[in-house]
Participant: 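Structure incoming, see below.
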Amino acid sequence: MRLTTRYFISLFVILLCGESMLAQQKPQQKKEPAPKKDFSPAAIRFGTDLIDLGKTFGGKTFSGYEINTDVGFANYYLTADVGSWAKNLSVNNGSYSNSGTYYRLGVDVNFLGKDPDRNMFFLGFRIGHSNFNEKLTYQATSLQLFSPATITTSNPNVSGGWAEITTGLRVKIWKGLWMGYTARMKFSPSTKGNDPTMAPYDMPGYGLVQNKPWWGFNYQVFWKINWKKEPPVLIKK
Amino acid sequence: MRVALLFIIGACVAGCFSEGDCLISATNYMHIQFKKKTNTALDSAVAMTSIAVSGTDSIFVFKNDTTFHEILIPVDIHNVSTTFVFAHQSLTDTSVTAMDTLQVGYIPQSKIISKNCGAYTFYQNLKILKTSLSASQIKTFNTSLLKDPTSSGAAAYAINYQIFY
């Protein structure tokens, strides 16, 4: 799995470098100096994950939400997500519950920089952090001598972190309304502060700690708020 | 763009290999081997009469002083320590029953293997709290109780202690 992770990180770096290298290799036919890219941000986009809301209102095992924001600096977007996540699960011989909050910070690179509507196909990177608690109750058995034991154990205050490589789309629907998706490959999870009697199981924002890497998918709706007119998209002729 | 598409497809395909199998390595059985004091590479056949385990009224009783060169004995799943009292034929005088006690402590760690497999207790940080054996008579190997889920028999269990008689 570590090889897979390394492979994707390398791929991501190659993609980033490749874009700038390709730009450099094109013959410079213009005599006039190209206008400078405007890196000043002009808008912020707020969104939420519809899948989380669907699972919260449509199911019994999950309750949570996620708020997503991003601010563009030309083709580069700073992103920040905050979320809450609580689960109540039945396991084969008991039950498990957790609840906690998380945030992610990162950068997206838009590969549709020439799109007049500023629609996005992006690759990005995130760092995630989570604070949560969890509780497990189950029936432990011994093949000989001892009667079954009901074990109740908990992690009252665990924190953890992870990293993500993301890809997705953002499409303008109408005025400030945007929709899109984000697919995540999450890796390198770590936790601290757990009780020695319980191994952390499900980290809000990440998922099953034992799965490395792990996968995530958000289907999101956004509203974009402009505080100034965005500079026109520069199209090279 | 083609590379990006490959990235997405690769990510989706790799996701198919994340399903966990129901292989349980957790056990509450401690594996003890008996070795000769004079040559620790050789097995020592110990004629065991009985083994009493704390936390239960039951006692393992062996007819005709069955000889063992290794044993698997369960630790108490309700407590964080277990005391074992081994009654066996003295190796110097077979008409005498020798008694050895061994008290071990451990940290039980609960872990969910998967929703379908369930939660299991992993006994870790095994250490000797009290024993009638001398320090030179016992050697610690693995400090976790573990079992190879793909094997069977005593060999499937991690060796925890060797006792030299």
Side-chain angles (χ1 to χ4, degrees), chain A residues 1 4-5 7-8 11-12 14-15 18 89-96 111-112 121-123 134 136-155 165-168 183-185 194-202 207-215 217, chain B residues 1-20 22 24 26-30 51-60 72-80 82 84 106-125 145 147:
Chain A
M1 279 304 172
T4 318
T5 309
Y7 169 74
F8 283 124
L11 198 61
F12 180 64
I14 289 165
L15 272 172
L89 304 173
S90 287
V91 296
N92 188 31
N93 54 350
S95 63
Y96 169 86
F111 286 84
L112 301 180
F121 166 70
F122 65 90
L123 287 177
E134 56 186 352
L136 170 67
T137 302
Y138 67 101
Q139 197 81 359
T141 54
S142 172
L143 287 176
Q144 284 178 301
L145 293 185
F146 300 102
S147 58
T150 301
I151 309 282
T152 298
T153 183
S154 64
N155 280 324
I165 290 175
T166 56
T167 184
R184 310 171 184 282
M185 185 185 77
N194 66 292
D195 192 277
T197 61
M198 182 178 177
Y201 178 60
D202 183 84
L208 303 184
V209 177
Q210 65 208 34
N211 290 335
K212 305 164 193 174
W214 194 228
W215 309 92
F217 187 82
Chain B
M1 196 62 94
R2 203 178 295 168
V3 181
L5 192 64
L6 276 175
F7 165 78
I8 296 164
I9 293 167
C12 294
V13 170
C16 300
F17 299 105
S18 293
E19 280 298 315
C22 225
I24 314 300
T27 177
N28 69 319
Y29 280 80
M30 192 166 73
I51 301 174
V53 184
S54 67
T56 173
D57 295 331
S58 305
I59 295 176
F60 290 107
L72 291 170
I73 39 175
V75 300
D76 187 353
I77 61 172
H78 299 270
N79 285 300
V80 292
T82 310
F84 304 97
Y106 37 85
I107 296 174
Q109 187 185 57
S110 302
K111 191 175 180 182
I112 298 174
I113 306 300
S114 71
K115 273 175 71 177
N116 291 335
C117 298
Y120 289 85
T121 311
F122 288 78
Y123 298 89
Q124 302 173 329
N125 292 63
L145 305 187
K147 187 185 122 193

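Here is the naming used below: chain letters follow the sequence lines, and residue numbers restart at 1 for every chain. For the numbers below, each heavy atom of this structure counts, side chains included, while hydrogens, waters and symmetry mates do not. As the structure is a computational prediction, the values presented were derived from the model and not from experiment.
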Participant: Counting only heavy atoms closer than 4.5 Å, note whether A:Leu208 contacts chain B via side chain, backbone, both or neither.
Facilitator: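 Contact with chain B: none, neither part.
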Participant: Can you measure from CD (A:Gln210) to NZ (B:Lys111) and round to the nearest 0.5 angstrom?
Facilitator: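 Separation between the atoms: 6.5 Å.
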Participant: So do B:Tyr29 and A:Gln144 actually touch side chain to side chain, heavy atoms under 4.5 Å?
Facilitator: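 They are in side-chain contact.
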Participant: Heavy-atom pairs under 4.5 Å with chain A - which of B:Asn28, B:Ile77, B:Ile107 has more of them than the others?
Facilitator: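 Among the listed options, the one with the most contacts to chain A is B:Ile77.
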Participant: Do the side chains of A:Ser147 and B:His78 get nearer than 4.5 Å, heavy atoms only?
Facilitator: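 B:His78 vs A:Ser147: side chains touch.
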Participant: Considering all heavy atoms of both residues, which atom of A:Met198 and which atom of B:Gln109 are nearest to each other, and what is their separation?
Facilitator: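 Answer, listing the atom of A:Met198 first, then B:Gln109: N-CG, 3.9 Å.
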Participant: Please report the interatomic distance CG(A:Leu89) to NZ(B:Lys115), rounded to the nearest 0.5 Å.
Facilitator: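 The distance works out to 5.5 Å.
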Participant: Is there a side-chain contact between A:Tyr138 and B:Ile112 in this structure, where contact means two heavy atoms from C-beta onward sitting under 4.5 Å apart?
Facilitator: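 They are not in contact (no side-chain heavy atoms under 4.5 Å apart), so the answer is no.
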Participant: OH of B:Tyr120 to CG of A:Asn93: how many Å apart, nearest 0.5 Å?
Facilitator: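 Answer rounded to 0.5 Å: 6.0 Å.
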Participant: If you look at every heavy atom in B:Ser110 and A:Ile151, which pair is closest and at what distance?
Facilitator: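 So the minimum-distance heavy-atom pair works out to OG-CG2, 3.8 Å.
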Participant: If every non-hydrogen atom of B:Thr121 is compared with every non-hydrogen atom of A:Ala140, which pair is closest and at what distance?
Facilitator: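 In this case the closest contact between B:Thr121 and A:Ala140 is OG1-CB, 4.1 Å.
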Participant: Just jot down the side chain to side chain donor-acceptor pair (under 3.5 Å) partners of A:Ser154, sequence neighbours excluded, or say none.
Facilitator: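 With sequence neighbours excluded, A:Ser154 shows a side chain to side chain donor-acceptor pair (under 3.5 Å) to no residue whatsoever.
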Participant: Can you find a pair of side-chain heavy atoms, one from A:Phe146 and one from B:Val75, that are under 4.5 Å apart?
Facilitator: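 SC-SC contact between A:Phe146 and B:Val75 ruled out.
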Participant: Heavy-atom pairs under 4.5 Å with chain B are the metric here; pick the option from A:Leu145, A:Thr153, A:Val91 that has the most.
Facilitator: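 When all of A:Leu145, A:Thr153, A:Val91 are compared, A:Leu145 has the most.
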Participant: In terms of heavy-atom proximity below 4.5 Å to chain A, should B:Ile113 be classed as side chain, backbone, both, or neither?
Facilitator: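 Just the backbone, heavy atoms under 4.5 Å.
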Participant: Could I get the full list of salt bridge (Lys or Arg N to Asp or Glu O under 4.0 Å) partners for A:Asp202, not counting sequence neighbours?
Facilitator: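 Scan of A:Asp202 (salt bridge (Lys or Arg N to Asp or Glu O under 4.0 Å), adjacent residues dropped) gives A:Lys87.
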Participant: Please look at A:Asn194 and chain B and tell me whether the side chain, the backbone, both or neither of the residue comes under 4.5 angstrom of a heavy atom of that chain.
Facilitator: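 For A:Asn194, the contact with chain B is made by the side chain alone.
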Participant: Tell me, side chain or backbone of A:Pro200 under 4.5 Å from chain B's heavy atoms, or both, or neither?
Facilitator: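 Interface part for A:Pro200: neither.
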